[in-house]
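In what follows, a single structure is set out as structure tokens and then discussed.
Order of the sequence lines sets the chain letters (A, B, ...), proteins ahead of strands, with each chain counted from 1. Both backbone and side-chain heavy atoms feed into the values below; hydrogens, waters and symmetry mates do not.
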Amino acid sequence: MTEEVSITFHQRRIWQQLHHLPEFDHAAVIERGATRSNVAAFIERWIRIGLVEFVRKDGKNRIYRPVRKASAEACEATPRGSMWRTMRLLGTFTAKDVAIHSNTSRQAVSHGTATNYCALLASAGILRKVKRSDTKNKATTYRLIRNLGPLPPEPARINCLKDPNADAVYFGDQRIEL
Amino acid sequence: MTPTIAPLRNVAAMLGLIEQVQSRAINLPGMATFYGPSGWGKTTAVTFAANDFNAHCVQVKHCWTKTYLCGAIMRELGLKEVRGVAAMVDAIGNQLAITDRPLIIDDAQYLLRGGMIETVRDIYESCQAPVILVGEEKLPQDLTKWENVHNRILEWMPAAPCSLTDAQHLIPFYSPDITIKDDLLEAIVKAAGGSIGRVAKNLSRVRELTRKRGGKEASLHFWGDRGFDTGQPPQRPRDQQMLASAQIVSLKAGGRK
């Protein structure tokens, strides 16, 4: 697993606003969306996965600083990372092509895993299904139509609040219309 | 267990090449080239090797400039963009020096204009991480123009055409349930002219026909005189007409004598 992946979506949103600061304390994290009750747990988790380190105690305040680390460095080899890299390099491919190119000695990628991931990305509109005459009634050929960047898109479950009156959800303090 | 393409000659060569550059002695240069004609499976080798070594990979395009090349590598490394080629080269160099992950540059023949190859050398110099240039057949000859780049190449690895052994490794992927006899496989490899993609395509066609006929085994006799995909474009109808009329003229001319 990549390190940044193993923190929740909410934590990552806070982290993105914090990581460029030279130093920060609890109050800074709360300002950016954490609560008094979960801030300690967030920071503890970040320390454990190596994103943050403790610097010093300033009176009652504990001061932390981000560990300088680019996201690509934090990205270890994962099956999903390999499949995504394969898609970005090949451009047009079948699920089988993805499995063949990603199944290395570092990590195994089965045909089934590749099929599921392709279907997931296609449903999000990142891949487009291409019909080709020489593949009729055979495996679907996909084309990558949104090259999002080096880190692989991943399935995530998010906790949010739904407002049935307006068909909208609240994620943190952000309102998203459905 | 999904079979692996690691035994394919070009894939094995590419894996060996990166391994060699990564584990080189400290005083040896750390760049390498992998070159060969289009269609021989270079991109397959690059993709597999990049996954195996968790390498950064960029595919250069003909229209790229120095600035764009640096920007593309920055994005690939997940770095925030900074202004100016010099600053970007420094940032890339720093990052690669820390991670020591290999940088694979596909279609490196397009680096040979606009001074981009010098930029790549700068990046290599500032990180000393493995840099693999993958390009067309002429790449090594063309690189001789830049002595300072040429001197930093540890190994020149040519891509190999698809062989019978390679084709045998492809059978589990493209025709897993059909036995393909060696005579047919040889004919397929010969018709493909070294292209691994065409071998794969023809294997799929053989499988399709065999399944349609309800068979389990395909030989050259079974395939008969059906053609293979050889990658040759069809002849222009007009050329055929001109050829025919030229023959008629020559016949007439011959008749007058």
Completion exercise
Looking only at B/A50, B/A6, B/C57, most heavy-atom pairs under 4.5 Å shared with chain A are made by B/A50
Completion exercise
Between the OG atom in A/S105 and the CZ atom in B/F48, the distance rounded to the nearest 0.5 Å is 6.5 Å
Problem - Residue selection (most heavy-atom pairs with chain A, distance under 4.5 Å) from B/D106, B/T47, B/V11 - result: B/T47
Completion exercise
Scanning both residues in full, the closest heavy-atom pair of A/P150 with B/G78 reads CG-N, 4.2 Å
Handout entry: Minimum heavy-atom distance between B/T43 and A/L89, given as atom pair plus value
Key = CG2-O, 4.3 Å
Handout entry: Under 4.5 Å from any heavy atom of chain A - which part of B/A55
Key = backbone
Problem - Value rounded to 0.5 Å, distance of CG in B/N51 from CD in A/Q107 - result: 7.0 Å
Handout entry: Enclosure of A/R175 CZ (heavy-atom neighbours >12, cutoff 6.0 Å)
Key = yes
Problem - Heavy atoms of other groups near B/K42 NZ, more than 12 under 6.0 Å - result: yes
Completion exercise
Distance col, row B/D52:CG vs A/S82:OG, nearest 0.5 angstrom, shows 8.5 Å
Problem - Under 4.5 Å from any heavy atom of chain B - which part of A/H101 - result: both
Practice task
Answer yes or no: does atom CZ of A/R65 have more than 12 heavy-atom neighbours from other residues, nucleotides or ligands under 6.0 Å?
Solution key: no
Handout entry: Minimum heavy-atom distance between A/R88 and B/Q59, given as atom pair plus value
Key = O-OE1, 4.2 Å
